[in-house]
Amino acid sequence: MPELPEVETVRRGLATWVVGRTIAGVDVGHPRAVRRHPAGPADFAAALTGRTVLAACRRGKYLWLPLDSGDALIGHLGMSGQMLLRPESAADEIHLRIRFRFTDDGPELRFVDQRTFGGLAVSPGGATLPGEISHIALDPLDPSFVDDEFVAALRRRRTEVKRALLDQTLVSGVGNIYADEALWRARLHGARPTSSLTRPAASGLLSHVREVLTEAICAGGTSFDSLYVNVNGESGYFDRSLGVYGRESEPCLRCGAPIRREHFMNRSSYSCPRCQRRPRRRLSPSIKDK
DNA sequence: CCTCATTCCTGCGGGC
DNA sequence: TGCCCGCAGGAATGAG
């Protein structure tokens with residue numbers, strides 16, 4: 001469940017511990033971890049060996065490391081991916097998928113992933129922006145993000161507001177936890193039709209999204225089920241600051257009403273039944289046309 | 001173009 | 001005790 005704050009925490013760790021180092025060798029222990037690299041594990045390793053890492057970048061939940069070859073190592077942590085810096089002498093993790101050895105004496109980089117939804121690939125010529133993520137929207141913390149464009153695009157959609165927040169082609173970096181948190185802060189129910197949001201309501205929601213992401217980064221991310229850790233294997237502590245997520249039946253921190261849990265998009269949604277009123281009508285766009 | 005359901009995967013915990 | 005099932009869920013994919 002790494003979302004933007006967790007991925008950003010990992011990016012910062014990679015910037016500190018990996019940028020400037022040269023890769024001596026790569027071991028792919030599980031082919032599924034490089035399934036997004038069409039040329040296969042051997043080509044993946046060959047494209048990285050001898051390359052120097054120039055930077056650590058992020059868009060939404062994607063990470064990429066530009067290399068001196070002009071290519072980039074691109075990665076997504078999926079549900080349970082971890083990037084760990086460990087001494088060579090440390091025992092292998094059970095779910096170790098890929099190991100990166102370096103030409104110096106520093107720690108090796110390990111991609112560990114229990115549920116294997118994550119993966120790495122080499123993006124040819126992808127140092128500036130990997131083509132694999134060109135369809136991913138800017139995230140709200142990107143300096144190039146244009147608030148008015150997002151507000152307009154959100155209100156043009158014919159869907160529910162939580163679906164829109166989770167759509168990485170509209171705005172990236174927001175997952176189930178921070179969507180619920182931002183909606184609670186904005187006092188909006190996730191089923192609200194996006195087309196019914198006023199401009200100020202949409203703009204306010206964006207502010208709450210940005211705020212909760214920023215606060216979570218300061219806390220080092222959320223470690224709801226302890227699968228997510230930074231590059232040193234340490235947990236963040238934003239889970240202590242969650243307003244609704246995972247708090248079913250506990251009192252709303254604003255009004256005291258018991259937090260409700262609903263199933264939505266094959267996952268759980270948490271909200272306050274008093275602060276976040278359900279929309280009266282369902283989304284029925286063209287009922288008049290009949 | 002837009003929206004939405006499905007699929008991938010493994011460990012954990014509740015229920016019986 | 002042990003088995004089974006549901007749940008956790010991001011994003012690619014294909015259908016409509």
Side-chain angles (χ1 to χ4, degrees), chain A residues 1-8 10 29-38 58-64 74-83 93-98 111-121 123 130-139 152-182 190-196 209 213 216 221-229 235 239 242 244-249 261-270 282-287 289:
Chain A
M1 54 184 63
E3 303 180 32
L4 187 152
E6 293 74 39
V7 179
E8 173 61 16
V10 171
H30 197 303
R32 187 173 153 77
V34 294
R35 69 192 180 285
R36 301 287 172 209
H37 187 85
R58 180 188 58 72
R59 173 181 283 193
K61 306 171 195 171
Y62 276 93
L63 288 167
W64 75 96
I74 182 174
H76 195 291
L77 301 178
M79 287 291 301
S80 55
Q82 304 173 339
M83 296 287 241
E93 291 74 10
I94 295 174
H95 302 295
L96 174 64
R97 307 303 187 193
I98 303 174
F111 178 63
V112 177
D113 189 12
Q114 177 202 106
R115 297 177 197 165
T116 73
F117 275 37
L120 306 182
S123 175
E132 290 84 347
I133 60 172
S134 58
H135 64 294
I136 300 294
L138 296 178
D139 63 64
L154 178 70
R155 297 177 69 230
R156 269 199 304 272
R157 287 289 172 103
R158 292 297 178 266
T159 188
E160 299 169 345
V161 64
K162 183 168 178 181
R163 285 184 186 279
L165 287 181
L166 295 177
D167 183 345
Q168 305 296 301
T169 67
L170 179 67
V171 56
S172 68
V174 181
N176 200 41
I177 295 176
Y178 296 112
D180 277 4
E181 292 300 308
R192 267 287 292 277
T194 47
S195 56
S196 79
V209 169
L213 294 177
T222 300
S223 297
F224 199 71
D225 66 2
S226 78
L227 270 178
Y228 165 70
V229 290
S235 295
D239 50 330
L242 294 173
V244 281
Y245 189 85
R247 299 193 61 242
E248 184 180 15
S249 302
R261 175 185 175 191
E262 298 169 294
H263 287 286
F264 178 77
M265 289 176 75
N266 289 325
R267 64 197 67 188
S268 291
S269 288
Y270 299 88
R282 276 192 188 176
L283 184 66
S284 49
S286 57
I287 198 160
D289 298 346

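So that the names make sense, note that chain A is the first sequence line, chain B the second, and so on, each numbered from 1.
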Tell me whether the OP1 or OP2 atom of dC7(C) has a side-chain N or O from Ser268(A) closer than 4.0 Å.
no
dT3(B) phosphate, OP1 or OP2, under 4.0 Å from Arg158(A) side-chain N/O
no
[X] [atom1] to [N] [atom2]: how many Å, rounded?
X	N	atom1	atom2	value
Arg35(A)	dG10(C)	CZ	P	15 Å
Asp167(A)	dG10(C)	CG	C1'	12 Å
Leu63(A)	dG10(C)	CG	P	16 Å
Arg163(A)	dA5(B)	CZ	P	5 Å
Leu170(A)	dC4(B)	CG	C1'	15 Å
Lys162(A)	dC4(B)	NZ	P	15 Å
Leu165(A)	dG10(C)	CG	P	12 Å
Arg156(A)	dT3(B)	CZ	C1'	15 Å

Return the angle between end axes of the helix from dC2(B)-dG16(C) to dC16(B)-dG2(C), with five pairs used per end and rounding to 10°.
50°
Whether Thr194(A) side chain and Thr159(A) backbone form a donor-acceptor pair below 3.5 Å
yes
Residue pair [X] / [Y]: nearest heavy atoms and the distance that separates them:
X	Y	result
Ser134(A)	Gly131(A)	OG-O, 3.0 Å
Phe111(A)	Gly81(A)	CE1-CA, 4.2 Å
Arg158(A)	Arg155(A)	NH1-O, 3.4 Å
Ser80(A)	Asp113(A)	OG-OD1, 2.6 Å

Distance, nearest 0.5 Å, that separates [atom1] of [X] from [atom2] of [Y]:
X	Y	atom1	atom2	value
Arg156(A)	Ser195(A)	CZ	OG	12.5 Å
Glu132(A)	Trp64(A)	CD	CH2	11.5 Å
Leu242(A)	Asp180(A)	CG	CG	10.0 Å

Sugar-phosphate or base contact per nucleotide [nucleotides 8-15 of chain B; S, B, -; heavy atom under 4.0 Å]:
BBBS----
Could you write nucleotides 11-16 of chain C as a row of B, S and -, 5' to 3', where a protein heavy atom under 4.0 Å of any base atom gives B, of only sugar-phosphate atoms gives S, and otherwise -?
SS----
Checking all strands, does Arg261(A) fall into the base, sugar-phosphate, or nothing category for heavy-atom contacts under 4.0 angstrom?
sugar-phosphate
Criterion side chain to side chain donor-acceptor pair (under 3.5 Å) against Asn176(A), the qualifying member of Arg267(A), Lys162(A), Glu3(A):
Lys162(A)
Answer yes when Asp139(A) and Arg58(A) have at least one side-chain N-carboxylate O distance shorter than 4.0 Å, and no when they do not.
yes
Hey, are the side chains of His76(A) and Phe117(A) touching, using non-hydrogen atoms and a 4.5 Å cut-off?
no
